[in-house]
Amino acid sequence: MARVIAVANQKGGVGKTTTCVNLAASLAATRRRVLVIDLDPQGNATMGSGVDKYEVEHTAYDLLVDEVPAEQVIIKDTNGKYDLISANGDVTAAEIKLMEFFARELRLRNALEPIKDQYDFIFIDCPPALNMLTVNAMGAADSVLVPMQCEYYALEGLTALIDTISKLAAVVNPDLGIEGILRTMYDPRNRLANDVSDQLKQHFGDKVYRTVIPRNVRLAEAPSFGSPAIYYDKSSAGAKAYLALAGEMLRRAERSEPETEQA
Ligand SMILES: Nc1ncnc2c1ncn2[C@@H]1O[C@H](COP(=O)(O)OP(=O)(O)OP(=O)(O)O)[C@@H](O)[C@H]1O
Ligand SMILES: [Mg+2]
């Protein structure tokens with residue numbers, strides 16, 4: 001059964017999409033079966049996976065609003081060697097249409113139920129807002145992965161996000177937890193970044209990934225080639241960092257699994 005992870009932060013431009021695409025590709029490269037769901041009308045994860053958002057037959061809109069089965073909406077084997085549910089401007093309308101439905105927070109969860117056992121990981125790329133799309137992502141997820149830049153106001157934003165996660169957990173998804181907090185675009189020479197990083201570790205302890213994602217131009221260039229960084233420049237610091245993050249996630253998952261009984 002897939003572990004469903006919403007990649008969310010209401011702040012824009014913190015590296016949500018970059019994390020989704022590159023972490024998914026890194027896990028797929030270790031032979032995990034991975035699905036990425038683009039839930040952002042900007043369609044950046046779609047384009048970054050080498051899929052033209054203007055040419056797609058189905059998007060997350062069809063899944064959320066028209067109840068087209070996930071099987072039909074999934075685009076198989078993108079440039080990142082993972083499957084994709086795409087997004088484009090149509091998904092903006094889904095955000096509004098969702099309001100009309102009963103149990104609207106759980107539309108995505110219900111839509112994914114039939115295909116969950118076909119994957120090891122499902123990543124949901126959220127828009128930079130705490131709107132009904134993000135709520136649906138959190139309704140469907142086991143946990144939330146929070147990418148953040150170590151800047152002055154970052155901790156304030158994080159507190160607001162965690163507050164939302166716990167409120168949502170209470171109402172729609174009692175099992176929702178924090179998967180981890182990821183420091184992105186990190187510059188170790190920046191003193192403020194180091195200070196914020198220390199505070200993060202104090203507040204959130206083990207939830208902060210040991211792996212940090214450095215600022216790396218290859219990560220910013222790769223989407224224009226419709227490719228995750230490991231297939232654009234696998235020796236780049238950015239590609240290596242996301243491979244390391246995938247390794248850290250897998251090790252964490254192994255540790256938290258219950259011990260199997262010895263025969
Ligand atoms: N580690 C990095 N090094 C250099 N550039 C990066 C890095 N991570 C992301 N970027 C670039 O920063 C910009 C924002 O990143 P990204 O699109 O992943 O953020 P986002 O949180 O998904 O944004 P939005 O909130 O708009 O969806 C992009 O141009 C991306 O290529
Ligand atoms: Mg994005």
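Both ligands and their constituent atoms are indexed starting at 1 by order of listing.
- Within the cation-pi definition used here (under 6.0 Å to the ring centroid, within 45° of the axis), K97 does not qualify as a partner of Y61.
- Close contacts between ligand 1 and G12 involve ligand atoms 25 (O) [criterion: under 4.0 Å to a heavy atom].
- Among the backbone and side-chain atoms of N44, none of the N, O or S atoms lies under 2.8 Å from the Mg ion (ligand 2).
- Protein heavy atom at the shortest distance from atom 23 (O) of ligand 1 is G13 N, 3.1 Å.
- Close contacts between ligand 1 and Q42 involve ligand atoms 24 (P), 26 (O), 27 (O) [criterion: under 4.0 Å to a heavy atom].
- Closest to atom 18 (O) of ligand 1 among all protein heavy atoms lies T18 OG1, 2.5 Å.
- Checking R218, K16, M185 against atom 2 (C) of ligand 1, the nearest heavy atom belongs to M185.
- Taken to the nearest 0.5 Å, the CD1 atom of I165 stands 12.0 Å off from the NZ atom of K167.
- Contact annotation for I213 and ligand 1: only side-chain heavy atoms (C-beta onward) come within less than 4.0 Å of the ligand.
- With K201 as the fixed residue, the side chain to side chain contact (heavy atoms under 4.5 Å, CB included) test singles out one of V196, I181, V208, D206: V208.
- The heavy atom nearest to atom 22 (O) of ligand 1, out of those in V7, D125, T17, N22, is found in T17.
- Inside a 4.0 Å radius of atom 13 (C) of ligand 1 there is not any protein heavy atom.
- Contact annotation: for P214 versus ligand 1, heavy atoms closer than 4.0 Å belong to the backbone alone.
- Ligand 1 places these atoms under 4.0 Å from at least one heavy atom of N216: 2 (C), 3 (N), 4 (C).
- If you number the atoms of ligand 1 from 1 as listed, the ones under 4.0 Å from a heavy atom of V14 come out as 19 (O), 20 (P), 21 (O).
- In terms of protein heavy atoms, atom 19 (O) of ligand 1 is closest to G15 N, 3.0 Å.
- Judged by distance alone, the side chains of T18 and Y242 never bring a donor and an acceptor atom under 3.5 Å apart.
- Residue contacts with ligand 1 for D40 involve side-chain atoms from C-beta outward but no N, CA, C or O (heavy atoms, distance under 4.0 Å).
- For the residue pair Y186 / N216, no side-chain donor-acceptor distance below 3.5 Å is found, with atom types taken as modelled.
- No side-chain N or O of S227 forms a donor-acceptor pair with one of N79 less than 3.5 Å apart.
- Here the CD1 atom belonging to I75 is positioned 5.0 Å from the CG atom belonging to L84, to the nearest 0.5 angstrom.
- A donor-acceptor pair shorter than 3.5 Å cannot be found between the side chains of T59 and D90.
- The residues E221 and R218 are annotated as salt-bridged, a charged nitrogen and a carboxylate oxygen being separated by less than 4.0 angstrom.
- Less than 4.0 angstrom separates atom 28 (C) of ligand 1 from none of the non-hydrogen atoms of the protein.
- When the options R32, R31, R33 are evaluated for a side-chain hydrogen bond (donor to acceptor under 3.5 Å, both in side chains) with D120, the one that passes is R33.
- Of all atoms in ligand 1, numbered sequentially from 1 with element shown, those under 4.0 Å from a heavy atom of A220 are 5 (N), 31 (O).
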